[in-house]
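This is a predicted model, so every value here is computed, not measured.
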Amino acid sequence: MKPYVSVITLGANDLEKSVQFYRDGLGLETQGIVGKEFEHGAVAFFDLQPGLKLALWSRNDLAHEAKVPLGNASSTEFTLGHNVNSKTEVDNVMEQAQLAGAIITDPPHDTFWGGYSGHFQDPDGHLWEIVWNPAWNSN
């Protein structure tokens, strides 16, 4: 398999609330919820970067589609990392997320490896790391 990730789908407990968080709070562009006319089809897509989309889909519908039992949500399964160009940008994104309703779990701080990062949870508990890594170009 040659890996090429094109969609990251997050399960949402309340799809409308999650769309509001990402669209209105974080400023991600979307056409809103589409597919409402289909049973288990309501989903929202956000362009993250060329070739990569974020999808929000009901946790119940995701479980139905994948034919797996609906389990307990866990914030420690994975982290979405958003690399930025400066410490100030980390602070700004974290503040924007908090104003949008995110829970700050780890305020921005200097890391042991020479970077700067903080973590927040979206309304469904999905964990994001906002990070400046001086060795990486984020754009």
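One side chain, Asp91 or Tyr116, offers a donor N or O that lies under 3.5 Å from an acceptor on the other. Checked by atom type, the side-chain pair Thr88/Ser86 shows no donor-acceptor distance below 3.5 Å.
Contact detail for Ala100 and Gly25: the closest heavy-atom pair is CB-CA, 3.3 Å. Minimum heavy-atom separation, Val90 to Val84: CG2-CG2, 3.4 Å. Nearest heavy-atom pair, Val19 versus Ala44, reported as atom, atom and distance to 0.1 Å: CG2-CB, 3.5 Å. For the pair Ile33 and Ala42, the tightest heavy-atom approach, listed with the atom from each and the gap, is CG2-CB, 3.8 Å. Summarising the geometry of Gly114 relative to Trp132, their closest heavy-atom pair is O-CZ3, 4.1 Å, with the distance given to 0.1 Å.
Atom-to-atom distance recorded for Asp24:CG and Leu99:CG is 13.5 Å, nearest 0.5 angstrom. Rounding to the nearest 0.5 Å places CZ of Phe38 at 13.0 Å from CG of Asp61. Atom-to-atom distance recorded for Ile130:CD1 and Met94:CE is 6.5 Å, nearest 0.5 angstrom. Annotation: the span from Thr105 atom OG1 to Trp128 atom CH2 amounts to 13.5 Å, rounded to 0.5 Å. Between atom OG1 of residue Thr9 and atom CD of residue Glu65 there is a gap of 10.0 Å, rounded to the nearest 0.5 Å.
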Hey, can you pull the donor-acceptor pairs under 3.5 Å for the side chains in residues 120-127, sequence neighbours left out?
unit_1, atom_1, unit_2, atom_2, d
Gln121, NE2, Ser75, OG, 2.6
Gln121, NE2, Gly125, O, 3.4
Asp122, OD1, Asp124, N, 2.8
Asp122, OD1, Gly125, N, 3.0
Asp122, OD1, His126, N, 2.9
Asp122, OD2, Tyr22, OH, 2.6
Asp124, OD1, Asn13, N, 2.7
Asp124, OD1, Asn13, ND2, 3.4
Asp124, OD2, Ser18, OG, 2.3
His126, NE2, Gly11, O, 2.8

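Leu26 and Ile104 fall within the same hydrophobic cluster, defined by Ile, Leu, Val, Met, Phe, Trp and Tyr side-chain heavy atoms under 4.5 Å apart, directly or through other members. Tyr4 and Ile8 fall into different hydrophobic clusters, where Ile, Leu, Val, Met, Phe, Trp and Tyr residues are linked whenever their side-chain heavy atoms come under 4.5 Å apart, directly or through other members.
Counting only heavy atoms from C-beta outward, the side chains of His109 and Asp106 approach each other to under 4.5 Å. Using a 4.5 Å cut-off on side-chain heavy atoms (C-beta onward), Arg59 and Leu70 make contact. With contacts defined as side-chain heavy-atom distances shorter than 4.5 Å, the pair Val43/Leu56 does not qualify. In this structure, Leu52 and Phe46 have side chains that are not in contact, with every pair of non-hydrogen atoms separated by 4.5 Å or more. Here the side chains of Lys53 and Leu48 are not in contact, with every heavy-atom distance at 4.5 Å or above.
Between the Glu129 side chain and the His119 main chain, no donor and acceptor come within less than 3.5 Å of each other. The backbone N or O of Asn85 sits less than 3.5 Å from a side-chain atom of Glu89, completing a donor-acceptor pair. Here the side chain of Thr30 pairs a donor or acceptor atom with the backbone of Phe45 at under 3.5 angstrom. No side-chain donor-acceptor contact under 3.5 Å links His82 to the backbone of Leu80. Trp57 contributes no side-chain N or O that, together with a main-chain N or O of Leu15, makes up a donor-acceptor pair within less than 3.5 Å. A donor-acceptor pair is defined here as one N or O able to donate and one able to accept, closer than 3.5 Å; no such pair exists between the side chain of Thr79 and the backbone of Gly81. Side-chain atoms of Asp47 never come within 3.5 Å of backbone atoms of Gln49 as a donor-acceptor pair (strictly under, hydrogens ignored).
Summarising the local packing, CD of Glu39 is surrounded by 12 or fewer heavy atoms from other residues, nucleotides or ligands at distances under 6.0 Å.
The pair Glu16-Lys36 meets the salt-bridge criterion, since a charged nitrogen lies less than 4.0 angstrom from a carboxylate oxygen.
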